[in-house]
Amino acid sequence: MQIICIYSGVSPFEQKLDYVFNVFKNTLNEIGVKVSTLDITKVEIGYYNGMKQPIIENIFSHMKKAQGIIFASTAQRFSVNGVMQVFLEHLDDNLYKDILKDKHCMSIITSSDNSEYTAGNYMNMIIESLGGINVNNMLIGKEYLDNIEISNNITEIIEKYAEDYYRIVKQKRKFFIANPFK
């Protein structure tokens, strides 16, 4: 089983997202799942203008092969960060609309200004409109992020999210999805 993570951590919230994602990824690795991370903040993704970009083509070819896709992002001002938004605009191009089709997707979103809930809803709508199966969101706000590295309870919750996601992808679980986009 291969899981791809599209990672977009932007400072000053990046360290907390790193911690959360590393716990999640390490839990999957312990189960025997390979998680490939594509950090879209480390590459030059131009604004969407209807033209193909080699870097986007490369990322999308990896996503096509995956059984599951995780979107990990920081959030500010009630949405995911700008790098993730630009990436999602490319994903909405007609050439790529089937990349998420019937794939089990999950979002991991951290925020220090209580934007995680609305950013999670935004991701749900994007995933579902592109035919993906949104199985879960892990939304972590400031009240948990402040002491996350020293809280065993929070680490255990993150591990359980990872184990649940693994089971869903492995079982190719189906869901009743009310999708207004179909």
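Numbers here are sequence positions counted from 1. Only this structure's heavy atoms are used, side chains among them; waters, hydrogens and symmetry mates stay out.
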Go through it in stages, so that I can follow the logic: the residues are Leu38 and Ile4, the test is side-chain contact (heavy atoms from CB on, under 4.5 Å), and I'd like the CA-CA distance, side-chain angles, deciding distance and then a yes or no. CA-CA 7 Å; Leu38 303 171; Ile4 298 279; 3.8 Å; yes
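Checked by atom type and distance alone, the side chain of Lys103 pairs as donor or acceptor with a backbone atom of Lys64 at under 3.5 Å. Looking at Thr27, its side chain never comes within 3.5 Å of a backbone N or O of Glu159 through a donor-acceptor pair. Under a 3.5 Å cut-off, the side chain of Thr41 and the backbone N or O of Ser8 do not form any donor-acceptor pair. A distance-only check finds a donor-acceptor pair linking the side chain of Asn81 to the backbone of Val83 [under 3.5 Å]. Side chain of Gln67 to main chain of Gln2: a donor-acceptor pair is present (N/O by atom type, distance under 3.5 Å, no hydrogens or angles). No donor-acceptor pair closer than 3.5 Å links the side chain of Asn114 to the backbone N or O of Gly141. Here the side chain of Asn134 pairs no donor or acceptor atom with the backbone of Ile127 at under 3.5 angstrom.
Rounded to the nearest 0.5 Å, atoms CG (Leu28) and CD1 (Ile70) are 6.0 Å apart. Atoms OG and CD1, from Ser61 and Ile99 in turn, are 8.5 Å apart once rounded to the nearest 0.5 Å. The structure places CZ of Phe21 at 3.5 Å from SG of Cys5, a figure rounded to the nearest 0.5 Å. Between Leu88 atom CG and Leu100 atom CG the span is 8.5 Å, to the nearest 0.5 Å. We find the CG-OG distance between Asn124 and Ser107 to be 6.5 Å, quoted to the nearest 0.5 Å. Between Gln76 atom CD and Thr110 atom OG1 the span is 8.5 Å, to the nearest 0.5 Å.
Among the candidates Leu17, Val80, Thr74, the single residue satisfying the side chain to side chain contact (heavy atoms under 4.5 Å, CB included) test with Val10 is Thr74.
Linking Ile, Leu, Val, Met, Phe, Trp and Tyr residues whenever their side-chain heavy atoms come within less than 4.5 Å places Tyr166 and Val169 in a single cluster. Met84 and Tyr47 fall within the same hydrophobic cluster, where Ile, Leu, Val, Met, Phe, Trp and Tyr residues are linked whenever their side-chain heavy atoms come under 4.5 Å apart, directly or through other members. If you chain together hydrophobic residues whose side chains sit under 4.5 Å apart, Met125 and Phe78 never meet in one group.
Residue Arg173 places its CZ atom among more than 12 non-hydrogen atoms of other residues, nucleotides or ligands, all under 6.0 Å distant. More than 12 heavy-atom neighbours from other residues, nucleotides or ligands sit within 6.0 angstrom of CD on Gln171.
Counting only residues at least two apart or on different chains, the salt bridge (charged side-chain N to carboxylate O under 4.0 Å, His left out) pairs with a member in residues 20-41 are Asp39-Lys42. Listed by first and then second residue, the salt bridge (charged side-chain N to carboxylate O under 4.0 Å, His left out) pairs involving residues 135-146 are Lys142-Asp146 (not counting sequence neighbours). Within the structure, ring-ring contact (aromatic ring centres under 6.0 Å, His included) contacts touching residues 95-148 (residues at least two apart or in different chains) are Phe60-Tyr96.
Side chains of Asn136 and Tyr165: no donor on one and acceptor on the other come within 3.5 Å.
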